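What you see is a predicted model; the values in this text were computed from it and never measured.
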Number of protein chains: 2
Amino acid sequence: MIKEPIHDKKSCNQHIMAVHDAMYILNGRWKISIIASLCFNTLRFTDLLREVEGISGKMLSRELKNLEENQLVTRTVLNTQPVTVEYELTEYGHTLKEVIDSLAKWGHNHRKKITGKD
Amino acid sequence: MIKEPIHDKKSCNQHIMAVHDAMYILNGRWKISIIASLCFNTLRFTDLLREVEGISGKMLSRELKNLEENQLVTRTVLNTQPVTVEYELTEYGHTLKEVIDSLAKWGHNHRKKITGKD
DNA sequence: GTCATCTGATTACCAAAAGTAACTGTAACA
DNA sequence: TGTTACAGTTACTTTTGGTAATCAGATGAC
């Protein structure tokens, strides 16, 4: 059997760079949580304030703007009284589902490890 | 066929909470990149300074301490001259591989989307 | 012998990001 | 008339992160 290093330097660096690229888009404390919340449902600003535990209005509005710029989220103003605004993951945003799911899986397991409970 | 909501509120919230738990451990700008770099190889402090693009010594040392506290990384001082220190993912740290891989996959795809290149 | 260098950090100082709380403005409700 | 809900924005403070200098121990160069 021919022995070769499983991870050559080039593919290794590509891997690291790819993670770096992803984190460049998902930077900051809130984006991943916001995307996770939008994974299942379209939500309004106030819904998100409630769902994303601990976020402030300022940060939510700032992060949503940034996610919109990166085409992960769409913002739709509805013609209601008072005005409501819906935030929704774009098709491209939904490609992050696998990332979110693996994070959720790990987080769930971690909670079990720490608390001993399920 | 019985219609039921695919995502009931409870499992939804659990999912979001699990992501939150994961991000609580992986917070800050650098941890995920550090873990990605350690995924393949044990690395020394200086190696990490080079591999984790843009990190400063202060942050690297701070983040490594935190990762050690959370039992994701081990620190081993080698009896060389000058002293070298090796950082290695723990077994538990390696459970993050799936997360890292899905991030790398998404990041790779995102780079393609942005640059048009592979 | 002493100067520069390599190792893995730490410190003081400054800049950027994030948190807090108050405020905007419109409209329904009581 | 006053309160509530909507989706934010603003001024101010705190926390986090970045930069550059420094530490300490040992090696190699001159």
Side-chain angles (χ1 to χ4, degrees), chain A residues 19-38 41-70 72-90 93, chain B residues 19-38 41-70 72-90 93:
Chain A
V19 172
H20 195 273
D21 289 345
M23 292 315 293
Y24 181 76
I25 300 297
L26 303 172
N27 65 55
R29 208 174 132 178
W30 301 111
K31 293 201 186 64
I32 288 180
S33 289
I34 293 171
I35 293 166
S37 291
L38 289 174
N41 297 307
T42 294
L43 292 173
R44 283 172 302 149
F45 190 84
T46 327
D47 294 333
L48 279 166
L49 269 184
R50 276 187 285 262
E51 292 236 351
V52 182
E53 190 182 318
I55 198 169
S56 66
K58 183 180 82 169
M59 288 311 295
L60 181 56
S61 116
R62 192 188 285 175
E63 298 289 57
L64 284 169
K65 247 177 233 167
N66 186 265
L67 290 170
E68 219 190 328
E69 278 163 20
N70 286 311
L72 297 172
V73 161
T74 50
R75 179 179 183 276
T76 313
V77 179
L78 300 180
N79 195 15
T80 53
Q81 295 303 343
V83 163
T84 53
V85 182
E86 273 190 358
Y87 291 93
E88 186 172 10
L89 276 194
T90 61
Chain B
V19 172
H20 195 273
D21 289 345
M23 292 316 292
Y24 180 76
I25 300 297
L26 302 172
N27 65 53
R29 206 175 135 180
W30 301 111
K31 292 199 186 64
I32 288 180
S33 289
I34 294 171
I35 292 166
S37 291
L38 290 173
N41 297 307
T42 294
L43 292 173
R44 284 173 301 148
F45 190 84
T46 329
D47 294 333
L48 278 167
L49 268 183
R50 277 186 285 263
E51 291 237 352
V52 182
E53 192 182 316
I55 199 170
S56 66
K58 183 179 83 167
M59 288 312 296
L60 182 55
S61 115
R62 192 189 285 177
E63 298 289 57
L64 285 169
K65 244 178 236 168
N66 186 265
L67 290 171
E68 219 191 328
E69 279 164 19
N70 285 312
L72 297 172
V73 161
T74 51
R75 180 179 183 276
T76 312
V77 179
L78 299 181
N79 195 15
T80 53
Q81 296 304 344
V83 163
T84 52
V85 181
E86 273 189 2
Y87 291 93
E88 186 172 10
L89 278 194
T90 60

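Look at CH2 on B:W30: it is 9 Å from C1' on D:dG17, rounded to the nearest Å. Between B:L48 atom CG and C:dA9 atom C1' there is a gap of 13 Å when expressed in whole angstrom units. Rounded to an integer number of Å, the gap from CZ of A:R50 to P of D:dG8 is 14 Å. Residue B:F45 contributes atom CZ, which lies 15 Å from atom C1' of D:dA24 at whole-angstrom precision. The separation between B:I55 atom CD1 and D:dT19 atom C1' is 14 Å, rounded to whole Å. Nucleotide D:dA5 holds its P atom 13 Å from the CG atom of A:D47, rounded to whole Å. The interatomic distance linking A:N27 (CG) with C:dA16 (P) rounds to 16 Å, in whole Å.
Here the shortest heavy-atom pairing between B:N27 and B:E63 reads O-OE2, 4.4 Å. Contact detail for A:K31 and A:I25: the closest heavy-atom pair is CD-O, 3.5 Å. Between A:I55 and A:L48, the closest heavy-atom pair is CG2-O, 4.4 Å.
Applying the 4.0 Å criterion to OP1 and OP2 of C:dA17, one finds that B:R29 has every side-chain N and O outside that range. Side-chain nitrogen and oxygen atoms of B:R44 include none within less than 4.0 Å of the OP1 or OP2 phosphate oxygen of C:dC6.
Within residues 56-67 of chain B, the residues approached by DNA chain C to less than 4.0 Å at the level of any non-hydrogen atom are B:G57, B:K58, B:S61, B:K65, in residue-number order.
The 5' end of DNA chain D is approached more closely, in terms of each residue's nearest nucleotide, by A:L49 than by the other of B:V83 and A:L49. Map A:P82 and A:G54 each onto its nearest nucleotide of DNA chain C; the residue landing nearer the 5' end is A:G54.
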